[in-house]
Amino acid sequence: MIHVENLAKNFTLHNQGGAVIPVIAGAGFEVAPGECVALTGESGAGKSTVMRILYGNYLAQGGAVRIGGLDITRAEPREILALRRETLGYVSQFLRVVPRVPTIEVVAEPLLALGQREDVALARARDLLTRLRIPERLWALSPTTFSGGEQQRVNIARGFAHRYPALLLDEPTASLDATNRETVLSLIEEAKAGGAAIVGIFHDLEARARVADREIDVAAFTPGLS
Amino acid sequence: MTPLLEVQALTKGYGGRIGCSDVSFTLYPGEVLGIVGESGSGKSTLLNCLAGHLAPDAGRVIFDTRADGPRDVLAMSEPERRMLGRTDWAFVHQNPRDGLRMRISAGGNVGERLMAVGARHYGDIRAQAVDWLGRVEISDSRIDDRPSAFSGGMQQRLQIARNLVTGPRLVFMDEPTGGLDVSVQARLLDLIRGLVRRMGLSAIVVTHDLAVVRLLADRLMVMKDGRVIETGLTDQVLDDPQAAYTQLLVSSVLQV
Amino acid sequence: MTEYNFAYLDEQTKRMIRRAILKGVAVPGYQVPFASREMPMPYGWGTGGVQVSAACLTPEDTLKVIDQGADDTTNAVSIRKFFEKTAQIAVTEKTAEATIIQTRHRIPETLLTEDQILVYQVPMPEPLRFLEPSEVETRKMHALQDYGLMHVKLYEDIARHGEIATAYSYPVMVEDRYVMSPSPIPKFDNPKLESAALQLFGAGREQRIYAVPPHTRVVSLDFEDHPFDPSKAPHPCALCGAEDTYLDEVITDDAGTRMFVCSDTDYCGARCEAAA
């Protein structure tokens with residue numbers, strides 16, 4: 001489902017004397033449907049950079065990333081947008097939403113963007129918010145005012161609203177209590193069982209051991225570290 | 001899929017000075033394109049050339065018309081272009097005073113485009129005006145008030161209602177949230193996003209506010225000195241800018 | 001009085017005005033610019049109408065002049081005398097006998113015929129002017145038939161007053177093409193704009209001439225659910241008893257006593273004579 005070949009990424013800092021900083025070189029791996037791969041390596045090794053390239057958020061300087069048949073390093077913006085809508089989900093560490101939009105709509109939005117019926121989308125959103133123990137009285141409020149843990153759970157609900165065939169998870173269990181952590185892990189397991197190919201970053205070793213089928217140490221792709 | 005708008009090598013100069021130079025891009029149905037750059041970068045010139053307010057010196061602007069498919073807007077006759085301007089196109093000005101008739105009631109402002117395309121039933125026109133005022137969160141008790149009695153945010157929402165009432169397919173927006181309080185901005189952005197999604201609109205939004213494009217635009221075009229220096233997915237351009245100027249622009253934004 | 005050329009204006013000027021009239025007839029409702037001359041009367045007193053009449057008059061014509069329907073008001077008397085003096089033509093107060101009728105703010109009650117010309121004095125020829133101040137823009141709007149704004153005005157009337165409150169200068173669509181101001185005639189007269197007579201409109205200060213040829217379609221603008229209503233005062237004429245004419249309200253004493261009488265003095269007089 002996810003094929004990464006010979007990936008390279010540099011940052012060129014034009015405003016700091018044009019310094020070129022190579023961050024990824026020669027990265028290659030594959031993730032099959034139903035498989036969960038954990039990226040490992042110390043902080044700053046480039047785990048998040050790899051995730052961002054996979055999502056099309058960072059540009060690659062070389063190599064290819066094929067997700068669902070589309071090489072996102074060469075794709076048109078609208079092709080990437082369609083991929084993100086239909087195929088590729090991303091749960092980042094931070095919730096980024098338009099102020100003033102109610103939580104329930106934030107969660108339902110990925111389904112509405114796919115053209116699903118509003119009642120179906122809202123039912124799915126209610127289901128996920130209930131499972132993630134967001135009290136119902138908060139659903140009509142904007143999540144921008146929520147606590148860190150609540151925001152993280154809203155973010156997860158949104159990321160799992162549509163059953164994406166490919167999913168990127170950046171620290172999905174960080175800042176969660178044991179009960180909610182358990183819910184998130186079971187959501188991941190359900191997604192795997194449903195055939196999703198998952199790439200994740202898990203600092204939570206127990207969680208990693210439970211859901212990840214393989215580990216990839218990104219230090220191998222980091223120039224100067226390998 | 002046929003592009004809704006295809007712009008080829010659009011160039012406009014003011015005497016010896018460059019307004020915009022050799023701008024090309026393609027916009028597909030449902031896409032929102034942001035154009036950012038500092039004052040004088042040519043973004044407003046470009047928008048006005050696209051919308052037919054300014055005549056470019058060279059280039060083509062091909063729009064997929066409902067009736068006849070893709071046609072070069074610049075080669076159209078003035079009546080055809082005006083008809084496009086009040087049916088398939090909409091233009092939201094930065095200053096609502098430029099886009100509203102200040103001495104005509106809110107209902108009359110919304111109804112004007114309907115009447116311009118032949119609506120002749122007062123009751124229907126009024127019902128549509130009420131519906132649209134509701135969609136932009138203006139109470140229908142204000143329908144007979146003049147926009148001069150409205151707040152800046154309400155005026156801007158009224159301008160949007162007036163523009164969208166004929167169900168356009170392409171909306172041009174020039175700094176739509178400029179000059180508004182932050183809280184009013186957020187409400188307006190949310191409103192525009194909802195309308196864009198529900199109506200399947202395509203939009204071209206010119207702004208210097210990077211937060212606005214991050215929330216509104218799917219794609220971004222960065223302009224400097226009349227030229228396009230970088231394009232891409234909005235989040236990619238903002239998070240991993242490639243051109244020196246874009247890096248400067250992004251790093252200059254104050255964090256809150 | 002051989003000092004004057006026939007009908008005051010020189011022949012070149014009359015030819016220039018006739019060319020404008022012909023163009024106006026060819027394009028019904030379109031405002032034709034013309035080089036309006038200084039006339040021996042102030043603007044606002046009918047200089048446009050007088051120039052058009054002067055260009056149309058022949059020695060065989062019989063002229064009638066009315067102001068608000070009356071033949072005996074200052075303005076009407078002055079203009080009639082002006083042409084008697086400068087053209088030595090016959091004059092009349094009887095609508096049916098006139099070949100050319102110059103009017104300010106009324107259409108005679110008696111139906112006009114194909115042998116007659118009705119000349120209107122027009123203060124403001126542009127029906128869009130109070131909505132759009134720019135002449136460049138209003139011309140463009142006419143050229144492109146961009147008339148949405150005209151209905152916005154009527155919409156505003158209904159929103160504010162519950163009905164279309166415009167009572168005079170009520171805008172019309174001529175032959176499905178041009179929106180035209182009928183000059184400040186009461187809207188009661190609008191249906192009579194579809195006439196057998198040639199109607200010419202002259203605006204001296206604004207330097208415009210326009211025309212409605214005989215039997216041209218002239219439709220008063222309205223909404224489907226607020227149709228045009230010519231409306232009249234709910235009284236019969238106090239003098240002749242007519243119930244289908246446009247009435248003037250006349251205050252007869254300091255106590256506010258009033259009567260309603262026909263504004264068309266010739267029509268009313270003829271009826272009174274016939275009844276006597």
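Note on naming: letters A, B, ... go to the chains in the order of the sequence lines (proteins, then strands), and numbering restarts at 1 for each one.
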Relative to chain B, which of [options] shows the most heavy atom pairs under 4.5 Å?
options	answer
A/Thr12, A/Leu59, A/Ile80, A/Leu81	A/Leu59
A/Glu76, A/Glu105, A/His14	A/His14
A/Leu112, A/Leu13, A/Asn57	A/Asn57

Query raised in the report: What part of A/Gln61 lies closer than 4.5 angstrom to a heavy atom of chain B: side chain, backbone, both or neither?
Result: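 Side chain of A/Gln61 only, per the 4.5 Å heavy-atom cut-off to chain B.
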Query - Qualifying salt bridge (charged side-chain N to carboxylate O under 4.0 Å, His left out) pairs with a residue from residues 1-27 of chain A, counting only residues at least two apart or across chains - result: A/Glu5-A/Arg66, A/Lys9-B/Asp240
Requested in this report: Applying side chain to side chain donor-acceptor pair (under 3.5 Å), name anything that partners A/Glu109, two or more places apart in sequence or on another chain.
Outcome: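 Here the qualifying residues are A/Arg158, B/Arg193.
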Requested in this report: Sequence neighbours left out, what passes side chain to side chain donor-acceptor pair (under 3.5 Å) with B/Arg214? Give chain and number order.
Outcome: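 For B/Arg214 the side chain to side chain donor-acceptor pair (under 3.5 Å) partners, ignoring immediate neighbours, are B/Asp239.
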**Report entry** Which atoms of B/Ala211 approach chain A - backbone, side chain, both or neither, heavy atom under 4.5 Å
**Finding:**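 For B/Ala211, there is no contact with chain A at all, as no heavy atom is under 4.5 Å.
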Query raised in the report: Do A/Asp71 and A/Thr73 have side-chain atoms, one donor and one acceptor, less than 3.5 Å apart?
Result: yes
**Report entry** Neighbour count >12 (heavy atoms, 6.0 Å) for atom CZ, B/Arg142
**Finding:** yes
Report task. Tell me, yes or no, whether the heavy-atom count around B/Arg135 atom CZ, taken from other residues, nucleotides or ligands under 6.0 Å, exceeds 12. Result -> yes
Query raised in the report: So do the side chains of B/Met221 and B/Ile229 get within less than 4.5 Å of each other, counting heavy atoms only?
Result: no
Requested in this report: Give me the contact list for residues 22-50 of chain B versus chain A, heavy atoms only, anything under 4.5 Å, ordered by residue number.
Outcome: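 The list, in residue order, reads B/Tyr28, B/Glu31.
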Requested in this report: Give the C-alpha distance, both sets of side-chain angles, the deciding distance and a yes or no for ring pair (Phe, Tyr, Trp, His ring centres under 6.0 Å) between A/Tyr90 and A/Tyr164.
Outcome: CA-CA 9 Å; A/Tyr90 183 35; A/Tyr164 295 102; over 10 Å; no
